[in-house]
Amino acid sequence: MGEKKKKIIKTIKVDLDKCNGCRACELVCSAFHAAPKYSSNNPARSRIRVIHDPLKDVYVPVYAGEYAKAECMGRDKYVIDGKEYDECSFCRASCPSRDIFKEPDSGLPLKCDMCEDDPAQKEPLCVQWCLNDALIYEEREEEVEEEVKQEDVEIGLESMIDKYGLEKIMDTVARISLSKKG
Ligand code: SF4
Ligand code: SF4
């Protein structure tokens, strides 16, 4: 058993009744995470995606969650107002069976990081930009067991190894480090 420590749990509550599908959240998220910051915007790079059906006035913002290196054994399908959505439409994981929540150029998994930055943001950017108040930011303190947090770079590397194999990644890293030294 690990040691207990206090942790701030951050949540974003999504009020579907208020979302009108404007996609400002996607824009600002992709711009905030561009390098350099705000140098570009592309919803395909956003860590929140709005699944939508304008004819039925259905808009469902979904946040990118943990990377899953294998597809799950089962699939889910949702029916809303009589419309059946594609399998796994509302899943938060970046996984091999879908293109959503993957950096379009590299294929690396994307995950919402609550806009953690230095200096800290007052609230996550998507919340600040949602003029309809469909996204509501909340914080609470909880006692949790200390966990070893996996670094982003480790998650990214793991997904590249899953995709291309360890040998190819090692060769590529060796080649790049040689060219950097030269
Ligand atoms: S910014 Fe708000 S209203 Fe617009 S799509 Fe995102 S969650 Fe919906
Ligand atoms: S909290 Fe930040 S990282 Fe997460 S979806 Fe919103 S803008 Fe993107």
Side-chain angles (χ1 to χ4, degrees), residues 7-69 76 78-83 85-86 88-95 97-142 144 147 149-160:
K7 184 177 175 184
I8 302 289
I9 310 286
K10 303 174 173 184
T11 58
I12 297 174
K13 195 157 74 185
V14 183
D15 186 341
L16 294 188
D17 293 336
K18 291 187 177 163
C19 177
N20 68 357
C22 71
R23 300 177 69 194
C25 48
E26 293 183 352
L27 272 188
V28 73
C29 180
S30 69
F32 183 70
H33 289 87
K37 268 194 179 34
Y38 302 111
S39 58
S40 67
N41 67 65
N42 175 359
R45 295 199 164 91
S46 172
R47 292 130 202 253
I48 177 170
R49 297 307 303 270
V50 184
I51 313 300
H52 57 279
D53 180 6
L55 290 179
K56 294 203 181 287
D57 207 19
V58 170
Y59 306 100
V60 184
V62 178
Y63 282 89
E66 296 295 335
Y67 163 64
K69 64 178 172 186
D76 56 34
Y78 283 73
V79 179
I80 304 176
D81 287 347
K83 175 179 165 156
Y85 285 78
D86 290 344
C88 315
S89 284
F90 303 106
C91 177
R92 301 184 57 203
S94 159
C95 101
S97 66
R98 304 182 307 161
D99 288 334
I100 194 168
F101 299 140
K102 286 187 183 130
E103 162 63 42
D105 298 328
S106 62
L108 288 173
L110 297 169
K111 181 182 163 190
C112 168
D113 59 6
M114 286 281 175
C115 298
E116 279 182 4
D117 202 13
D118 189 14
Q121 302 293 313
K122 178 170 60 87
E123 283 185 329
L125 270 288
C126 54
V127 173
Q128 293 186 44
W129 275 55
C130 179
L131 300 182
N132 297 312
D133 295 330
L135 306 177
I136 303 124
Y137 181 63
E138 293 172 348
E139 280 184 3
R140 66 175 191 278
E141 198 178 72
E142 265 183 20
V144 293
E147 60 184 64
K149 197 174 168 228
Q150 206 181 4
E151 297 280 343
D152 282 355
V153 67
E154 202 178 317
I155 296 169
L157 212 52
E158 213 175 284
S159 82
M160 296 297 268

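Remember, it's 1-based here, ligands and their atoms both numbered in the order they're listed. Everything quoted here is computed from the prediction, not taken from an experiment. Atom set for the values below is all heavy atoms of this structure, side chains included, hydrogens, waters and symmetry mates excluded.
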Over-ring placement of K69 relative to Y67, 6.0 Å and 45° cut-offs: no
Sub-4.0 Å atoms of ligand 1 with respect to non-hydrogen atoms of R23: 4 (Fe), 5 (S)
Atom 8 (Fe) of ligand 1 reached by C19 (N, O or S, under 2.8 Å): yes
Identity and separation of the nearest protein heavy atom to atom 6 (Fe) of ligand 2: C126 SG, 2.4 Å
Nearest-contact summary for atom 4 (Fe) of ligand 2 - protein heavy atom, Å: C112 SG, 2.4 Å
Protein contact of atom 3 (S) of ligand 1 - nearest heavy atom, named by residue and atom, plus distance: N132 ND2, 3.2 Å
Atoms in ligand 1 flagged as close to V50, the criterion being non-hydrogen separation under 4.0 Å: 5 (S)
Lys/Arg cation over aromatic F32: K37, 6.0 Å, 45° cone: yes
Value rounded to 0.5 Å, distance of CD in E139 from CE in M114: 9.0 Å
L135 contact mode with ligand 1 (heavy-atom cut-off under 4.0 Å): side chain
Part of C130 within contact of ligand 1 (heavy atoms, under 4.0 Å): both
Audit row: E116, K10, salt bridge (charged side-chain N to carboxylate O under 4.0 Å, His left out) steps and yes/no: CA-CA 11 Å; E116 279 182 4; K10 303 174 173 184; 3.0 Å; yes
Interfacing atoms of ligand 1 (cut-off 4.0 Å, heavy-atom, N20): 3 (S), 4 (Fe)
C29 near atom 8 (Fe) of ligand 2: N/O/S under 2.8 Å: yes
N132 side chain reached by C19 side chain, heavy atoms, under 4.5 Å: no
Whether H52 and Y59 hold their rings parallel, tilted or perpendicular, with breakpoints at 30° and 60°: parallel
Reported CD1-to-SG distance for the pair I48 and C126, which is rounded to 0.5 angstrom: 5.0 Å
Atom indices of ligand 1, in the order listed, that fall short of 4.0 Å to a heavy atom of C22: 1 (S), 3 (S), 4 (Fe), 5 (S)
4.0 Å heavy-atom contact, Q121 with ligand 2: no
Atom indices of ligand 2 within 4.0 angstrom of P124 heavy atoms, with elements: 1 (S)
Part of Y63 within contact of ligand 2 (heavy atoms, under 4.0 Å): side chain
Atoms of ligand 2, numbered as shown, that sit under 4.0 Å from any heavy atom of D113: 3 (S)
Protein contact of atom 7 (S) of ligand 2 - nearest heavy atom, named by residue and atom, plus distance: C115 SG, 3.3 Å
For P61, atoms of ligand 1 separated by under 4.0 Å from a heavy atom: 7 (S)
Test item: L110 and K102 side chains (from C-beta on) under 4.5 Å apart, heavy atoms: no
Close side-chain approach of I12 and I136, heavy atoms under 4.5 Å: no
Ring-ring centroid check Y78 F90, cutoff 6.0 Å: yes
side-chain contact (heavy atoms from CB on, under 4.5 Å) between C115 and Q128, worked out: CA-CA 11 Å; C115 298; Q128 293 186 44; over 6 Å; no
